[in-house]
Amino acid sequence: MKFQRPKGTEDLYNQQSVLYSNIVNRLVTVAKKFNYQEIITPVIEAAELFLRSIGTTTNIVEKEIYQFLDKGNRMLALRPEGTAGVIRAVVENKLYTNQKQTQKYFYCGAMYRYENPQKGRNREFHQFGVEVLGTKSPLLDVEVMLLAKTMLEELTIKDTILHLNYFGSEATKAKFNQAILEVLQKEKNKLCGDCQKRIAKNPLRVLDCQNCSKLDLKLPLIEEFYSAEEKQYFQELTASLTKLKINFKADPYLVRGLDYYNGVIFEFMSASTVLGKSQNTLIGGGRYDNLCQELGVPHQYPAIGFAFGIERLMLLLEKQAELSFMQPLDLYVASIYQAGLVEILSLLADLRKTKYFVDGIFDLFNDKQKSNLIKNLKNSNNLLILEEQGKATLYHLTKKQKVAVSYQNEAELLQKVVKLLG
Ligand code: AMP
C-alpha cells in the first residue's frame, strides 16, 4: 500500500523547511523585542470551546472544523485558530490575576480547517499569532498593528495594505447588525443559499461571503452607529497610525470570519500577484474585549491579537535566496581504509565540541567513490579523506586545493584539521 499525505497538507524539507524556520525565527525575535512571551497550548481542545468563541454560524464552525469523539467519548476538535486556546489557557491558569501589567503572548503552530485546498489555502496550515490581554486603548491597538508592520518589514515583505474597520462596542455592533438585517431581508432573493439561511442569526457574514459581498446592496455604514466616545476612540487610533506613518485604508465593510471581534479589526493584504485575490490576506486580527469574560474570567478583560499565515509568507518569500539558504557543512569526513571508520566517529565527536558543523560517512570508500565524492559533494566546504593509518588528505572544495596531512594519533589529527580549517 502506498501512503500519501492527506489532501491539503504539505511536507516541508530542504530549502522549504529552512525557509519556514527562518521566518519563524525572525517573527520570534521581533515579538521578543516587543516584550511578548511564548505560550504553547494543545492542538486538541474541547470542540465546544471553538463553537462558543468563534461562533456557530461562521464558515469555520459550520463547514471547516475537524471534530471527533475520543476513546473516552469526549467531543474534541483540532484547533482551527489560536486565540480560543490561548484564552482558555489564560482562564484555566488564572493568568488574568496578574493584572499589574499588560500580558503579551505569542504562539506558533499548526491549525486545521476543512477547506478547499488551493495555493495559500491548506487544511493543515501554520499560524504565528500574538494576543495582548488586560488593556484597552487605541494606542495599544496601534502598537499591535505596528508590531505586525515591523514583522512584515523584518521579513522584507513590501507592498502590503493595512485594511481597517472599527465595530465599536457589542451594543453598536448589534445596532449595525439589526440595520443590515433590515436591508438584507428586503434583498433576500439576491443572496446565495448560505447567506439566505444565516442572515437572521448573523447578518454580518454576508459582508464576508465571496459572492454576496460583491452585490450592491446599499447597506448602512457602521460609523452611523458610533457613540461620541467611540468616534473619539477611532479618531485617536487613526491619528496615531498617521503619526507613526502606518498607512491604512479604512474599509467600512471589512469583517472577519470569527464572531468574537469587536472594536478595531484589521487585515494586512498583499498586493503581490503570487497569492491570488482570495488568499492575499497575510495577517488578520482585531480586538475581542468580551471573549475572556465569556470563557470564564470573572470581569471584563479586554484583549487584541492577530495571526500570520506562515505558508502564505513562504509563497511570497521563496525567491529570497538568503532565507532558504542551507548552511553548508564546514567539513565532511570519509575513509578509504577500514580502521579509519572508527577514527571518523571519534574525530567527528571532538570536532562537534568546537565551532564546526561536521558530518561523515561510515561506509568504506574505494578510489572511484572517492573521486565521485570530491566531484559531487555540494553541501560542504571541505572534505577530509582518511587514506591510510596516519595519513589523510584535506580537500578545500571551495578553494579547489588539497593538503596532505600526516599524523601520529587522533589528538594530533584533530589539532591539524582544526588548524587547516582555520
Ligand atoms: P484567520 O485565523 O482566519 O483570521 O486567518 C489569519 C491568517 O491565517 C490569514 O490571514 C492567513 O494568512 C492564514 N490562514 C487562514 N486560513 C488559512 C488556510 N486555510 N491556509 C493557509 N493560511 C491560512
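Whatever order the structure lists ligands and atoms in, that order sets their numbers, starting from 1.
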Q: Output the list of atoms in ligand 1 that are nearer than 4.0 Å to some heavy atom of Leu282, sorted by atom number.
A: 10 (O), 12 (O)
Q: Test side chain to side chain donor-acceptor pair (under 3.5 Å) on Tyr301 and Gln103; report intermediate values, then the result.
A: CA-CA 11 Å; Tyr301 199 54; Gln103 298 195 60; 2.8 Å; yes
Q: Run through Phe308, Tyr36, Phe128, Phe306 and flag the one making a ring pair (Phe, Tyr, Trp, His ring centres under 6.0 Å) with Phe106.
A: Phe128
Q: So, does Gln279 use its side chain to make a donor-acceptor pair with the main chain of Gly276 at under 3.5 Å?
A: no
Q: Applying a 4.0 Å heavy-atom criterion (strictly less than), which segment of Arg256 is in contact with ligand 1: side chain, backbone, both, or neither?
A: side chain
Q: Salt bridge between Asp359 and Arg352, side-chain N to carboxylate O under 4.0 Å?
A: yes
Q: For ligand 1, indicate whether the residue Ile283 contacts it via side chain, backbone, both or neither (heavy-atom separation under 4.0 Å).
A: backbone
Q: For atom 9 (C) of ligand 1, which candidate among Leu313, Thr281, Leu275, Asn122 provides the closest heavy atom?
A: Thr281
Q: When the ring planes of Tyr166 and Tyr233 are compared, do they come out parallel, tilted or perpendicular, using 30° and 60° as the limits?
A: parallel
Q: Atoms of ligand 1 less than 4.0 Å from Ala307 heavy atoms?
A: 6 (C), 7 (C)
Q: Does Tyr253 reach the main-chain N or O of Leu219 with its side chain, forming a donor-acceptor pair under 3.5 Å?
A: yes
Q: Of all the non-hydrogen atoms in the protein, which one sits nearest to atom 14 (N) of ligand 1, and at what distance?
A: Phe125 CE1, 3.7 Å
Q: Going through the checks in order, is the ring-ring contact (aromatic ring centres under 6.0 Å, His included) test met by Phe248 and Phe266?
A: CA-CA 9 Å; Phe248 64 92; Phe266 59 92; over 10 Å; no
Q: Would you mind checking which non-hydrogen protein atom is closest to atom 13 (C) of ligand 1, with the distance to 0.1 Å?
A: Gly309 CA, 3.5 Å
Q: Looking only at protein heavy atoms, which one is nearest to atom 21 (C) of ligand 1, and what is the separation?
A: Gly120 O, 3.3 Å
Q: Check Arg287 with Asp289, please: is the shortest side-chain N to carboxylate O separation under 4.0 Å?
A: yes
Q: Provide, to 0.1 Å, the distance between atom 5 (O) of ligand 1 and the closest protein heavy atom, together with that atom's residue and name.
A: Gln127 NE2, 3.4 Å
Q: Please work out, at 4.0 Å between heavy atoms, whether the side chain, the backbone, both, or neither of Glu115 comes within that distance of ligand 1.
A: side chain
Q: Among protein heavy atoms, which lies nearest atom 1 (P) of ligand 1, and at what distance?
A: Arg113 NH2, 3.6 Å
